[in-house]
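Worksheet: one structure, shown below.
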Amino acid sequence: MSAALHRPVVRASLAVLAAVLLLAVLGGRLAPLDPLAQDTAHLLQGPGAGHLLGTDYLGRDVLSRLLAGTGPSVAAAAEAVGTALLLGVLPGLASVRFSAPLSWVALRAVDALMTLPFTLFAIAAVGVLGNGLHQAMLALGVLLAPLFFRVTRAAALGLDRAQYVEAAELMGAGRLTVLRTHVWRKVLPTVSVTTAHSLATALLTVASLTFLGIGVQPPAPTWGGMLASDLGFLAQQPWAPAVPTALIVLTVGALNLLADALRDAEPAGPAPENAPDAAPVPLRAPEEARDDHRVRV
């Protein structure tokens, strides 16, 4: 995995993600103006000295709202993926040691959850639990958990009967110790790739929900909420939707590129155990081949 860090694409992706993370942590403090303050004297103003990215339909500073809205958008995606990791990875590792009936039940439950669409399930959860971003992200994390479950289980199944795992068990190591010391280390690269892809999916889902006004209480700024409000004033500011869209595209693209790089950097799987090595076939001169043919005839 360290070899992937030397690739220019990976470095560029990490630089973009580091900048987005910095904005998520310090965006509210870096905002030049109050993101909620309205200025009716400067409605839909273009970029200028007082407002570097202009103002929206209520006279609020777009740059300040963009900086302040980065934190909730990124935190919501991280909350969903964190929930999925907790609900998917640990049961996926444990299912390797389950009995066959329990594993079958767990797999059928996972298959049922994977058939549900993210956005519709989140809307239904918000309707039942209340219109809050935490409720929506909890629902999204539940739907992402089956992906982590299946990926972790598939990676751990190939390692459960490896020779070094059996040797550790013969030496007296407990099952929890084997999973934590020998199996998890091999499963971690696969989980890292899935985490990067899931973060991109969660960010797009968060943007979709906030675009629809679900999971966030106005006038709180979010990327999706800003995009929705800008689309209503395209005649006055046709360039306005490009600002939050660029942040969404850059962040999701960087996560996908990073996931692809981590996947390509994964080492090849171990060769099948007890498989006989293929002996090299010696090259023979044409005369030897003709002599051998005459003997056989």
Side-chain angles (χ1 to χ4, degrees), residues 16 19-20 23-24 27-80 117-137 139-140 199-256:
V16 171
V20 172
L23 292 180
R29 300 178 182 178
L30 297 176
L33 299 173
D34 185 359
L36 304 181
Q38 302 179 12
D39 186 2
T40 56
H42 300 88
L43 302 180
L44 299 175
Q45 182 180 351
H51 305 280
L52 295 180
L53 293 180
T55 60
D56 62 2
Y57 67 103
L58 292 177
R60 297 172 296 193
D61 184 63
V62 173
L63 177 60
S64 300
R65 289 182 61 79
L66 194 67
L67 293 175
T70 301
S73 301
V74 174
E79 182 180 356
F118 291 160
T119 306
L120 291 180
F121 187 79
I123 292 174
V126 167
V128 173
L129 302 176
N131 188 19
L133 202 56
H134 295 294
Q135 293 88 327
M137 292 306 100
L140 180 59
L199 279 171
T201 302
L203 272 174
L204 288 176
T205 306
V206 170
S208 301
L209 291 174
T210 53
F211 178 86
L212 298 173
I214 297 172
V216 62
Q217 297 292 339
T222 57
W223 289 351
M226 293 181 62
L227 182 59
S229 62
D230 291 336
L231 290 178
F233 300 91
L234 287 178
Q236 293 80 9
Q237 290 182 329
W239 49 267
V243 178
T245 301
L247 268 180
I248 297 173
V249 171
L250 283 175
T251 308
V252 173
L255 285 169
N256 284 327

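Because the structure is predicted, anything quoted here is derived from the model rather than measured.
- With contacts defined as side-chain heavy-atom distances shorter than 4.5 Å, the pair Trp223/Val74 qualifies.
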Sequence neighbours excluded and cut-off under 3.5 Å, please list the side-chain donor-acceptor pairs for residues 35-42, or say none.
residue : atom : partner : partner atom : Å
Asp39   : OD1  : Ala41   : N            : 3.3
Asp39   : OD2  : His42   : ND1          : 2.7

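- Nearest heavy-atom pair across Ser73 and Val206 is O-CG1, 4.1 Å.
- Between Ile214 and Thr210 there is no side-chain heavy-atom pair separated by less than 4.5 Å.
- Heavy-atom minimum distance, Ala136 versus Val126: CB-CG2, 3.6 Å.
- One distance of note links OG1 of Thr55 with CZ of Arg65; it measures 11.5 Å at 0.5 Å rounding.
- The side-chain hydrogen bond (donor to acceptor under 3.5 Å, both in side chains) test applied to Thr222 returns no partner, not counting sequence neighbours.
- If you run side-chain contact (heavy atoms from CB on, under 4.5 Å) between Val243 and each of Leu63, Leu66, Leu227, only Leu66 comes through.
- We find the CG-CG distance between Asp61 and Asp34 to be 10.0 Å, quoted to the nearest 0.5 Å.
- In this structure, Ser229 and Asp56 have side chains that are not in contact, with every pair of non-hydrogen atoms separated by 4.5 Å or more.
- Considering all non-hydrogen atoms of both residues, Pro32 and Leu67 come closest at CD-CD1, 4.2 Å.
- Looking only at distances, a side-chain donor or acceptor of Gln237 sits under 3.5 Å from a matching main-chain atom of Gln45.
- Atom CG of Leu231 and atom CZ of Phe211 lie 5.0 Å apart (nearest 0.5 Å).
- The shortest non-hydrogen separation linking Leu199 to Ala77 is CD2-O, 4.0 Å.
- Counting only distance, with no hydrogens or angles, the side chain of Thr70 and the backbone of Ala24 share no donor-acceptor pair below 3.5 Å.
- Taking each heavy atom of Leu133 and Ala76 in turn, the nearest pair found is CD2-CB, 3.6 Å.
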>> Pair Leu209, Met137 - check side-chain contact (heavy atoms from CB on, under 4.5 Å), show working.
In response: CA-CA 10 Å; Leu209 291 174; Met137 292 306 100; 4.0 Å; yes
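- Residues passing the side-chain hydrogen bond (donor to acceptor under 3.5 Å, both in side chains) test with Asn256, sequence neighbours excluded: His197.
- Atoms CG and CZ, on Leu44 and Phe233 in that order, are 6.0 Å from each other to the nearest 0.5 Å.
- Separating the CG atom in Leu204 from the CG atom in Leu255 is a distance of 9.5 Å, to the nearest 0.5 Å.
- The backbone N or O of Ile248 lies less than 3.5 Å from no partner atom in the side chain of Thr251, so there is not a single donor-acceptor pair.
- Of all heavy-atom pairs between Ala139 and Ala122, the closest is CB-CA, 4.1 Å.
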